[in-house]
Visitor: 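Before I ask anything, here is the structure I am working with.
Note on naming: letters A, B, ... go to the chains in the order of the sequence lines (proteins, then strands), and numbering restarts at 1 for each one. As a basis for the values below, the full set of heavy atoms in this structure was taken, side chains included, without hydrogen atoms, waters or symmetry mates.
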Number of protein chains: 2
Amino acid sequence: MKPTERRILEAAGKLFSQRGFHATGMRAIARAARVSLGTIYHHFKSKEEMLLALLREEYDKRRRAIEALKEEDLPVPEMIRRTAELHFRLLLETGPSLRPLAQGLRGLSPQAKRAAIAMREEFVNYLASLIGEGISRGQIRRCDPVIAAHSFLGMVEAVSARAMEGDGVAVRIQERGAVELAEIAWRALAPDTPQGGQR
Amino acid sequence: MKPTERRILEAAGKLFSQRGFHATGMRAIARAARVSLGTIYHHFKSKEEMLLALLREEYDKRRRAIEALKEEDLPVPEMIRRTAELHFRLLLETGPSLRPLAQGLRGLSPQAKRAAIAMREEFVNYLASLIGEGISRGQIRRCDPVIAAHSFLGMVEAVSARAMEGDGVAVRIQERGAVELAEIAWRALAPDTPQGGQR
DNA sequence: ATAATTAAAACGAACGTTCGATAGACAAGG
DNA sequence: CCTTGTCTATCGAACGTTCGTTTTAATTAT
């Protein structure tokens, strides 16, 4: 990807996550990327295409990281913990986070919305299969894997969203968030008979 | 509140939650409420004021319900369970749910944004104080109450959001969501020494 | 040459909002 | 009973702005 495209995409991602997709204008993106309006349209077909490119990047980042995690062949509960930390840290690091991006879904063109939802679903289903796997191995308690996966993502994203406000509470959450979330996720999914036991 | 205002507010709430705040135009609201543009502005100062009125209504609804729950003087873990179910069911019932509304925050005027965030914070802090109370009574494990509260809301809202899609998965989540969420919340917050024990 | 970038103008559409006109309700004064 | 005035509700045209996008011509880099 060319440096100009990178700069444009980064500026767009930052603005989308700060102000929301619909509240961000192409002129603001151009200004932030220090590029003209024409240049943006030289590289991207539309504003929606930029959003989808950003979503794709973020999901790919997580998919790669989780698959690397899978290589380590950890027990499933530990995978859950690490995935919580991973998702949380990525949300904090990358300005253009998934959460504000996904918020802009409503009001998109039907096909763009479908594409964005499909990406999200793919991610959720991957987590759900991970959880289902853990259940059949007895490493996770019996529960609805899809609901558990949505709960998992929802809580991580809500906490990270709060951590991105500018106040003092946000700072504490940035420090404590990952470990607290991992703890919550672990306890919520741990089997009744503690074979992997506490911690 | 006059019937016309009710109709306008209901239409606005439904559209905001379906398409998002920024993607919903005043003309669409007028059309859905079967009134003219002028009538809307006769009753409401601005589009933002409508959003804030809706948010206030929804938060009030929850505050009243939770305070009624508090009257019963249940053990805190049971309160957590019930609150999860309550929030989840309210999100499903009311078209104009808090989640899509809160999504529209970005891009609002500074004062409107401040007001909306303050409402959300008040709700979160109430839950956090509930959790803190439970900790000091030994009914909830030691954890960060604010992070736990955000996690709690985030997961309920994420699951309910998925439950509002139109497909078959959504139907199952509508049926199972409340009990699964209550289970997750309870396990995530239960103390290590099971005095209230399982269930 | 070919591609990348620029500034600027323009497009139609949609945006949130304002405004003047109209209609009905209700009461007061004749 | 009729008028007159005042109030509120409702309408729909119109305002000015901004939107995403396209286009054009000129300039710079590869």
Side-chain angles (χ1 to χ4, degrees), chain A residues 1-55 96 101 103-113 115-116, chain B residues 1-16 18-55 96 100-101 103-113 115-116:
Chain A
M1 174 163 290
K2 294 160 202 162
T4 304
E5 294 178 3
R6 264 262 68 81
R7 218 167 68 243
I8 293 173
L9 224 43
E10 267 169 25
K14 189 170 290 185
L15 289 175
F16 287 166
S17 68
Q18 280 171 359
R19 313 182 191 174
F21 178 73
H22 294 294
T24 301
M26 293 298 273
R27 288 158 182 86
I29 298 174
R31 207 178 312 123
R34 292 189 311 280
V35 134
S36 78
L37 210 46
T39 300
I40 294 186
Y41 279 96
H42 179 72
H43 292 282
F44 298 96
K45 213 169 60 218
S46 69
K47 189 181 167 190
E48 276 189 351
E49 202 204 63
M50 300 175 63
L51 175 68
L52 293 183
L54 282 164
L55 284 175
L101 291 186
Q103 289 178 3
L105 285 191
R106 287 155 218 277
L108 293 189
S109 76
Q111 59 268 30
K113 188 172 173 179
Chain B
M1 174 160 289
K2 295 160 202 163
T4 304
E5 294 177 4
R6 263 262 68 82
R7 219 168 65 244
I8 294 173
L9 224 45
E10 266 169 27
K14 188 170 292 186
L15 289 175
F16 287 167
Q18 280 172 358
R19 313 182 191 175
F21 178 73
H22 293 295
T24 301
M26 294 298 271
R27 285 154 185 88
I29 298 174
R31 207 177 313 122
R34 293 189 310 280
V35 294
S36 75
L37 268 178
T39 300
I40 293 186
Y41 279 94
H42 179 73
H43 293 282
F44 299 95
K45 215 168 59 217
S46 67
K47 188 181 169 189
E48 277 189 351
E49 203 204 63
M50 300 175 62
L51 176 66
L52 293 183
L54 282 164
L55 283 175
L101 291 186
Q103 290 178 1
L105 286 191
R106 287 155 218 277
L108 292 189
S109 76
Q111 60 266 29
K113 187 172 174 180

Visitor: Find the distance between CE (B:Met26) and CD1 (B:Ile8) and round it off to the nearest 0.5 Å.
Guide: 8.5 Å
Visitor: Rounded to the Å, how far apart are A:Arg19 CZ and D:dT18 P?
Guide: 14 Å
Visitor: In whole Å, I'd like the distance from the CZ atom of A:Arg31 to the P atom of C:dT6.
Guide: 14 Å
Visitor: Do you know the tightest heavy-atom contact between A:Ser36 and A:Ala30?
Guide: C-CB, 4.1 Å
Visitor: To the nearest 0.5 Å, what is the distance between OG1 on A:Thr24 and NZ on A:Lys14?
Guide: 13.0 Å
Visitor: Does A:Thr24 reach a base, just sugar-phosphate, or nothing at all? Heavy atoms under 4.0 Å.
Guide: sugar-phosphate
Visitor: With side chain to side chain contact (heavy atoms under 4.5 Å, CB included) as the test, pick out the partner of A:Leu9 among A:Thr4, A:Ile29, A:Leu54.
Guide: A:Leu54
Visitor: Which atom pairs link the protein and nucleotides 7-14 of chain D when you take only N or O atoms and keep those under 3.5 Å?
Guide:
unit_1	atom_1	unit_2	atom_2	d
D:dA9	OP1	B:Lys2	NZ	3.0
D:dA9	OP2	B:His42	NE2	2.5
D:dT10	OP1	B:Thr4	OG1	3.0
D:dT10	OP2	B:His43	NE2	2.8
D:dC11	OP2	B:Ser36	N	2.8
D:dC11	OP2	B:Thr39	OG1	2.9
D:dG12	O6	B:Gly38	N	3.4
D:dA14	N6	B:Arg27	NH2	3.3

Visitor: Measure CE/A:Met26 against P/D:dT21 and give the value in whole Å, please.
Guide: 6 Å
Visitor: Quick one, B:Arg6 with B:Glu10, criterion salt bridge (Lys or Arg N to Asp or Glu O under 4.0 Å). Give me CA distance, side-chain angles, the key distance, then yes/no.
Guide: CA-CA 6 Å; B:Arg6 263 262 68 82; B:Glu10 266 169 27; 3.6 Å; yes
Visitor: Heavy atoms, side chains only, cut-off 4.5 Å: are B:Ile40 and B:Met50 in contact?
Guide: yes
Visitor: Measure from CD1 on A:Ile40 to C1' on D:dT22 and round the result to the nearest Å.
Guide: 14 Å
Visitor: Write out a two-atom table: protein N or O, nucleotide N or O from nucleotides 28-30 of chain D, distance below 3.5 Å.
Guide:
none

Visitor: To the nearest angstrom, how far is A:Lys45 atom NZ from D:dT22 atom C1'?
Guide: 15 Å
Visitor: Any side-chain heavy-atom pair from A:His22 and A:Leu108 closer than 4.5 angstrom?
Guide: yes
Visitor: In whole Å, I'd like the distance from the NE2 atom of A:His22 to the P atom of D:dC19.
Guide: 14 Å
Visitor: State, yes or no, whether a side-chain contact exists between A:Glu49 and A:Ser46 at a heavy-atom distance under 4.5 Å.
Guide: yes
Visitor: Rounded to the nearest angstrom, tell me the gap between atom CD in B:Glu48 and atom P in C:dC15.
Guide: 16 Å
Visitor: Of all the heavy-atom pairs spanning A:Ala112 and A:Glu48, show the shortest one and how long it is.
Guide: CB-OE1, 3.3 Å
Visitor: Output the rounded distance in Å from CD1 (A:Ile8) to C1' (C:dA4).
Guide: 11 Å
Visitor: Hey, does the side chain of B:Tyr41 come within less than 4.0 Å of C:dT17's phosphate (OP1/OP2), counting only N and O?
Guide: yes
